[in-house]
Novice: 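The structure follows.
Chain letters run A, B, ... following the sequence lines, proteins first and then strands; every chain starts at 1.
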Amino acid sequence: MTDAPRPEARAPRGFNDRRARDLAAERQILAKVSAVYERYGFEAFDTGAFEYADALGKFLPDADRPNEGVFALQDDDEQWMALRYDLTAPLARFVAETKEGLPKPFRRYAFGPVWRNEKPGPGRFREFIQCDADTVGSARPEADAEIIAMAVEGLEAAGLPAGSAVIKINNRKLLNGLLTTAGVQNDVQKLAVLRAVDKLDRLGPEGVRLLLGEGRKDESGDFTKGAGLNAAGAEAVLAFVGAGLSGRAETLDQIANIIGGSAEGDAGLAELAAIDKALTSLGVGVERAAFDPSIVRGLEYYTGAVFEAELLLKTKDEKGRGVRFGSIGGGGRYDDLVARFTGEQVPATGFSFGVSRLVSALRAAGRDLGDAVRGPVVVIAFTPDDMAHYFSVVGELRAAGIPAEVYLGSAGMKAQMKYADRRMAPAAIMLGGDEIAAGKVTIKDLDLGRVLSSGVADNAEWREQRPGQQTIDRAELVAAVRKILEAGQ
RNA sequence: GCCGCCUUAGCUCAGUUGGUUAGAGCGCUAGAUUGUGGCUCUAGAGGUCCUCGGUUCGAAUCCGAGAGGUGGUACCA
């Protein structure tokens with residue numbers, strides 16, 4: 001032994017270990033969503049985990065803070081590389097790189113881990129699985145509509161029942177038109193107004209009014225400086241974000257009354273009208289996709305339509321209080337992203353959601369998702385001398401498509417039964433000297449035993465009964481195990 | 001990033017006006033039961049009392065700094 005300090009066994013913060021239960025849920029969601037996306041004509045396309053840092057966009061590592069926002073390292077040619085923080089930026093790089101050879105519009109979907117180097121919190125990690133779909137090379141509003149329709153259907157396929165989530169849609173051009181109407185002068189004020197609007201669902205109209213004007217002090221005493229709009233401007237903004245409780249066409253009419261006339265606003269209205277029409281013909285009603293003028297999303301990024309998937313299911317925390325889960329995904333039109341590389345504008349639109357976030361949303365809503373991960377049938381190992389017999393049993397079961405294993409630890413039989421129980425094995429198989437000599441095998445139905453044992457208080461009786469246990473001819477093994485598995489369905 | 005609160009066993013937590021050997025429940029390991037998962041009983045393992053520094057005869061306890069967690073706020077491509 002040396003005096004070297006022992007390493008502390010812990011995962012870096014913000015990184016998760018995921019066991020079978022979570023992985024099963026994730027895979028199930030991804031399989032279902034992929035099937036929907038492929039049905040819409042989207043092809044699978046993935047990129048590597050690393051990109052050159054300058055390709056990722058605004059968070060460029062510099063010499064002082066190379067890891068701001070992203071995980072970055074220097075390649076042996078001194079170039080900065082960074083782990084991707086989403087799936088969209090790498091796609092833009094790929095499209096710019098291969099634009100000659102790509103059939104356009106290019107429709108693709110992808111899922112995989114992304115990494116963000118920032119402070120983790122509850123439900124917020126530094127590595128998480130994202131699922132993303134994009135159409136690159138179409139400026140048509142119908143491309144947005146199709147992404148929205150697909151998102152709706154994908155989330156439903158993933159396990160969100162109809163009516164439990166809604167896609168809320170807005171258009172950045174409307175917001176820009178609104179800013180003109182409200183008399184916003186510069187970019188600083190513009191950002192402040194958009195941030196204020198974004199908080200409508202949390203702070204309510206009064207909170208937003210304060211943020212639009214002088215500013216607002218929150219419960220912790222922290223003061224957030226306001227946008228400094230005059231009263232008329234603030235009213236216009238509030239009237240705008242207050243629209244959108246009715247049907248899609250009605251919402252557009254209301255908005256037109258407030259901001260109609262500005263060129264950009266009118267363009268946004270026309271796009272939303274086209275999206276409405278396409279959604280209707282795709283069979284997506286207002287209960288699944290609605291216009292909501294208060295949706296903002298990322299400020300620097302989106303150029304046209306923006307969408308956000310909001311969970312409507314009532315969820316509760318462990319104390320039984322209602323919790324609003326809020327956004328489970330979002331997206332929009334980003335026409336400038338490829339132009340960063342080529343100088344040539346390539347219109348694009350997409351939607352992405354966090355897979356583990358969706359899993360926890362479904363769980364919070366009381367949906368079972370891979371909750372009962374069954375273990376294999378466990379063959380009890382009595383003595384090393386009979387290993388050959390044990391392995392012939394698992395071989396038979398595996399050949400029949402039944403997950404099975406020989407217990408390979410060193411514990412006694414009692415511990416082996418406990419092991420089988422804890423792994424949620426459907427059955428344990430006992431092949432001791434007696435059975436081998438008689439050409440028999442003993443099968444214990446662990447599920448049945450679980451049920452029967454609740455009615456037995458006395459231990460001697462419990463042992464006597466051997467609940468759920470049967471000894472049969474060796475040749476009937478597979479059939480008997482199958483029967484147990486079917487009963488457990 | 002900024003502000004508040006918290007940190008004692010694998011988990012949930014108790015404790016001490018600063019005083020020998022730091023506790024409980026659950027969980028874990030094993031025995032009662034030499035071939036049987038539950039129940040019951042019994043025993044055992046498991047702790048740098050977050051870290052470093054200070055005050056003190058003496059610190060898990062008081063003070064300071066840091067780390068981690070958490071709630072709010074900011075940001076969220």
Novice: With sequence neighbours excluded, tell me which residues meet side-chain contact (heavy atoms from CB on, under 4.5 Å) with A:Lys190.
Specialist: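 A:Asn176, A:Leu179, A:Val184, A:Asp187, A:Leu194.
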Novice: What nitrogen or oxygen pairs link the protein and nucleotides 6-12 of chain B at under 3.5 Å?
Specialist:
none

Novice: Using a 4.0 Å heavy-atom cut-off, does A:Gln130 contact any base of the nucleic acid, only the sugar-phosphate backbone, or nothing at all?
Specialist: nothing
Novice: For nucleotides B:G53 and B:A67, find the distance between their C1' atoms and express it as a whole number of Å.
Specialist: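 Comparing C1' positions in B:G53 and B:A67 gives a spacing of 14 Å.
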Novice: Check whether A:Arg84 reaches the backbone of A:Pro113 with its side chain - one donor and one acceptor, N or O, closer than 3.5 Å.
Specialist: yes
Novice: Taking atom types as modelled, is there a side-chain donor on A:Asp445 or A:Gln469 under 3.5 Å from an acceptor on the other?
Specialist: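 Side chains of A:Asp445 and A:Gln469: no pair found under 3.5 Å.
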Novice: Once you round it to whole Å, what is the distance between P of B:U34 and CZ of A:Phe382?
Specialist: 13 Å
Novice: Taking the basic N atoms (NZ, or NE/NH1/NH2) and the acidic carboxylate oxygens, is any pair closer than 4.0 Å for A:Glu26 and A:Arg18?
Specialist: yes
Novice: Show me the pairs that pass ring pair (Phe, Tyr, Trp, His ring centres under 6.0 Å) and involve residues 419-456 of chain A, at least two apart or across chains.
Specialist: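 Only A:Tyr407-A:Tyr419 qualify under ring pair (Phe, Tyr, Trp, His ring centres under 6.0 Å).
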Novice: Closer than 4.0 angstrom, basic N to acidic O: yes or no for A:Arg474 and A:Glu396?
Specialist: yes
Novice: In whole Å, measure the gap between the P atoms of B:C28 and B:C11 for me.
Specialist: 15 Å
Novice: Could you work out which one of B:G69, B:A77, B:U33 sits closest to the side chain of A:Tyr85?
Specialist: B:A77
Novice: Would the number of heavy atoms belonging to other residues, nucleotides or ligands and lying under 6.0 Å from CD of A:Glu476 be above 12?
Specialist: yes
Novice: Pick the C1' atom in B:U12 and in B:G69, then give their distance to the nearest Å.
Specialist: 16 Å
Novice: Which listed nucleotide (B:C75, B:U36, B:A77) is nearest to the side chain of A:Arg195?
Specialist: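 Selected nucleotide: B:C75.
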Novice: Does A:Gly14 or A:Arg450 map to a spot on RNA chain B nearer the 5' end, using the closest nucleotide for each?
Specialist: A:Arg450
Novice: Take atom CZ of A:Arg116 and atom C1' of B:A77, then tell me their distance rounded to the nearest Å.
Specialist: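 The distance from CZ of A:Arg116 to C1' of B:A77 comes to 7 Å, rounded to the nearest Å.
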Novice: Using only heavy-atom distances, decide whether a donor-acceptor pair under 3.5 angstrom links the side-chain of A:Lys444 to the base of B:U36.
Specialist: yes
Novice: Give me the distance, rounded to whole Å, that separates B:U56 from B:U48 when you measure between the P atoms they each carry.
Specialist: 29 Å
Novice: Considering only the P atoms, how many Å lie between B:A9 and B:C50, rounded to the nearest integer?
Specialist: 8 Å
Novice: Could you work out which one of B:C75, B:G37, B:A77 sits closest to the side chain of A:Tyr301?
Specialist: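 My answer, after comparing the listed nucleotides, is B:A77.
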Novice: For B:A24 and B:G15, measure between their P atoms and round to the nearest Å.
Specialist: 15 Å
Novice: Rounded to whole Å, please give me the gap between OH in A:Tyr302 and P in B:A77.
Specialist: 6 Å
Novice: Under the side-chain contact (heavy atoms from CB on, under 4.5 Å) test, which residues partner A:Phe125, sequence neighbours left out?
Specialist: A:Asn16
Novice: What does A:Gln416 touch in the nucleic acid at a heavy-atom separation under 4.0 angstrom: a base, only the sugar-phosphate, or nothing?
Specialist: nothing
Novice: Please report, rounded to the nearest Å, how far the C1' atom of B:U36 is from the CG atom of A:Leu431.
Specialist: 15 Å
Novice: Give a yes or no on whether a donor-acceptor pair under 3.5 Å exists between the nucleobase atoms of B:G35, that is its base, and the side chain of A:Glu435.
Specialist: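 Flag set: donor-acceptor pair detected.
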Novice: Rounded to whole angstroms, how far apart are OH on A:Tyr407 and P on B:G35?
Specialist: 14 Å
Novice: Treat a base pair as Watson-Crick or G-U wobble with both distances under 3.5 Å, then lay out RNA chain B in dot-bracket form, 5' to 3', with | for cross-strand pairs.
Specialist: (((((((..((((.....[...)))).(((((.......))))).....(((((..]....))))))))))))....
Novice: Atom CD of A:Gln469 to atom C1' of B:G37: distance rounded to whole Å?
Specialist: 11 Å
Novice: Give a yes or no answer on whether the side chain of A:Arg357 reaches the backbone of A:Ser327 with a donor-acceptor pair at less than 3.5 Å.
Specialist: yes
Novice: For the P atoms, the ones on B:U17 and on B:G66, what distance do you get once it is rounded to whole angstrom?
Specialist: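 Comparing P positions in B:U17 and B:G66 gives a spacing of 30 Å.
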Novice: When you compare the ring of A:Tyr419 with the six-membered ring of B:G37's base, are the centres less than 5.5 Å apart and the planes under 30° from each other?
Specialist: no
Novice: Between B:U34 atom C1' and A:Asp434 atom CG, what is the distance in whole Å?
Specialist: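 Spelled out: CG on A:Asp434 to C1' on B:U34 is 14 Å.
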Novice: Given side chain to side chain contact (heavy atoms under 4.5 Å, CB included), test A:Ile429 with A:Leu477 step by step and report yes or no.
Specialist: CA-CA 9 Å; A:Ile429 300 213; A:Leu477 168 74; 3.4 Å; yes
Novice: When the P atoms of B:U61 and B:U20 are compared, how many Å lie between them, rounded to an integer?
Specialist: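 Approximately 14 Å lies between the P atom of B:U20 and that of B:U61.
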Novice: Of all the choices, B:G37, B:A77, B:G68, which nucleotide is nearest to the side chain of A:Lys414 once you look at every atom?
Specialist: B:G37
Novice: Please name the pair of heavy atoms, one in A:Pro376 and one in A:Pro426, separated by the smallest distance, quoted to 0.1 Å.
Specialist: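 That closest heavy-atom pairing would be O-CD, 3.8 Å.
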Novice: Between the protein and nucleotides 26-29 of chain B, are there any N/O to N/O pairs under 3.5 Å, and if so, what are the atom names and distances?
Specialist:
residue: B:U29; atom: OP2; partner: A:Arg422; partner atom: NH2; Å: 3.4

Novice: In whole angstrom, what separates A:Met417's CE from B:G35's C1'?
Specialist: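 Distance, rounded to whole Å: 10 Å.
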Novice: Between A:Asp144 and A:Thr349, do the side chains contain a donor N or O and an acceptor N or O under 3.5 Å apart?
Specialist: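 Yes, because at least one side-chain N or O of A:Thr349 sits under 3.5 Å from a partner of the opposite role on A:Asp144.
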Novice: Between A:Arg116 and A:Tyr85, is there a donor-acceptor pair closer than 3.5 Å when you use the side chain of the first and the backbone of the second?
Specialist: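 Checked: pair present.
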Novice: Quick one: closest heavy-atom pair of A:Phe71 and A:Phe15, and the distance?
Specialist: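 That would be CZ-CZ, 3.9 Å.
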Novice: If you only use heavy atoms from C-beta on, which nucleotide in B:A74, B:A77, B:U36 is closest to the side chain of A:Met430?
Specialist: B:U36
Novice: From the set B:G35, B:A30, B:C75, return the single nucleotide nearest to any side-chain atom of A:Lys199.
Specialist: B:C75
